[in-house]
Amino acid sequence: MTRTAAREIAIQLGFSVAATGQQPEEALFAFFEPAHYASLAEESDIYSEGPSAKDMDFIRRSVTGVASHRTELDAYIGKYAKGWRTERISRSAAAVLRQAMYEILYMPDVPNASAINEAIDLAKGYEDREVVAFINGILGGFYRGEVETPQPQESTAQPEEAMPETDELPPEPVLPEEDEAPEEDEGAGE
């Protein structure tokens, strides 16, 4: 099973726990009951193989962690969903957002770029383009506002030379090409 498949299962379980109020451990037990899990293979290829011990650990940490931090994660969603009331956000979009934010905040073994990029990719399977763009905007704002830290300016003993006044803008920073592959998740492709 790939990390992407494990992440999608975690999102689906997180959605279910949030919608039903079921305890995470109960939901995990029922979902992975052998007969139930085998029946899911007819619905989607992500269930064609069972999770490895490593995948199961990721899924369990995600589902229980998202549930225990739901109030905090929903507050972040509300904070960065500018112009949207939280109750207007679809349940599937909220499940994707919670999963990505949880990974960024509490799963240091998952690269932040992977958490965000895969959340966007998985959202494409559940939501239309406008909602996917909305999710992307929330995760971008969340990352910039909560994770990135501004680098302090070092003071120098000598005063800087005054910049000549001009209407010209400084050159744009050089960013990586969009074609560059994102960092691989540890365990991807397993």
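For the pair Asp74/Ile77, a side-chain contact is recorded, criterion being any heavy-atom separation below 4.5 Å from C-beta on. Put simply, the side chain of Lys54 reaches to within 4.5 Å of the side chain of Arg3, judged on heavy atoms. Side-chain contact check for Tyr126 versus Val132: every heavy-atom pair is 4.5 Å or farther apart. Inter-residue side-chain proximity for Phe134 and Ile89 is flagged as met; some heavy-atom pair is nearer than 4.5 Å. Residues Gln12 and Ile46 are in side-chain contact: their nearest non-hydrogen atoms beyond the backbone lie under 4.5 Å apart. By the 4.5 Å heavy-atom criterion applied to side chains, Gln99 and Leu122 are not counted as neighbours. At least one side-chain heavy atom of Phe31 sits less than 4.5 Å from a side-chain heavy atom of Ile9. Within the 4.5 Å cutoff, side-chain heavy atoms of Arg7 are placed close to those of Phe58.
Residues Tyr47 and Phe29 are members of separate hydrophobic clusters, defined by side-chain heavy-atom contacts under 4.5 angstrom among Ile, Leu, Val, Met, Phe, Trp and Tyr.
Taking both residues in full, the closest heavy atoms of Ala10 and Val63 are given as O-CG2, 3.9 Å, listed atom of the first, atom of the second, then distance. Shortest non-hydrogen contact noted between Ala115 and Ala100 is O-CB, 3.9 Å. The shortest heavy-atom contact between Ala18 and Arg98 is CB-NH1, 3.8 Å. Considering all non-hydrogen atoms of both residues, Tyr37 and Glu49 come closest at OH-O, 3.0 Å. A pairwise comparison of heavy atoms in Ala93 and Val131 identifies CB-CG1, 4.0 Å as the closest pair. Across all their heavy atoms, Ala123 and Val96 have their closest contact at CB-CG1, 4.2 Å.
The list of salt bridge (charged side-chain N to carboxylate O under 4.0 Å, His left out) pairs with a residue in residues 20-31, not counting sequence neighbours, reads Glu25-Arg60.
Side chains of Ser52 and Asp55: a donor on one and an acceptor on the other come within 3.5 Å. Using modelled atom types and a 3.5 Å distance limit, the side chains of Glu103 and Ser62 yield no donor-acceptor pair.
Considering only residues two or more places apart in sequence or on other chains, Lys79 meets the side chain to side chain donor-acceptor pair (under 3.5 Å) condition with Glu146.
Interatomic distance, Ile138 CD1 to Lys82 NZ, rounded to the nearest 0.5 Å: 10.0 Å. Expressed to the nearest 0.5 Å, how far CD1 of Ile59 lies from CD1 of Ile11 amounts to 11.0 Å. Once rounded to the nearest 0.5 Å, the distance linking CG of Leu139 with CD1 of Ile104 reads 6.0 Å. Note that CG of Leu73 and OG of Ser68 are 8.5 Å apart. Values are rounded to the nearest 0.5 Å. For the atom pair Glu33 CD and Leu28 CG, the distance stands at 13.5 Å (nearest 0.5 Å).
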Asp121 vs Lys124, salt bridge (Lys or Arg N to Asp or Glu O under 4.0 Å): CA-CA, chis, key distance, verdict: CA-CA 5 Å; Asp121 287 342; Lys124 290 175 184 176; 3.7 Å; yes
Audit row: Leu97, Tyr80, side chain to side chain contact (heavy atoms under 4.5 Å, CB included) steps and yes/no: CA-CA 11 Å; Leu97 287 163; Tyr80 292 100; over 6 Å; no
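Using modelled atom types, no side-chain atom of Gln22 and backbone atom of Val17 make a donor-acceptor pair closer than 3.5 Å. When atom types are taken as modelled, the side chain of Asp57 and the backbone of Ala53 share no donor-acceptor pair closer than 3.5 angstrom.
Ionic pairing of Asp109 and Arg61 is present here: one or more N-O contacts between side-chain nitrogen and carboxylate oxygen are shorter than 4.0 angstrom.
In summary, of the residues considered (Tyr106, Phe15, Tyr102), a side-chain contact (heavy atoms from CB on, under 4.5 Å) with Val66 occurs for Tyr102 alone.
Atom CG of Asp45 has 12 or fewer heavy atoms from other residues, nucleotides or ligands within 6.0 Å.
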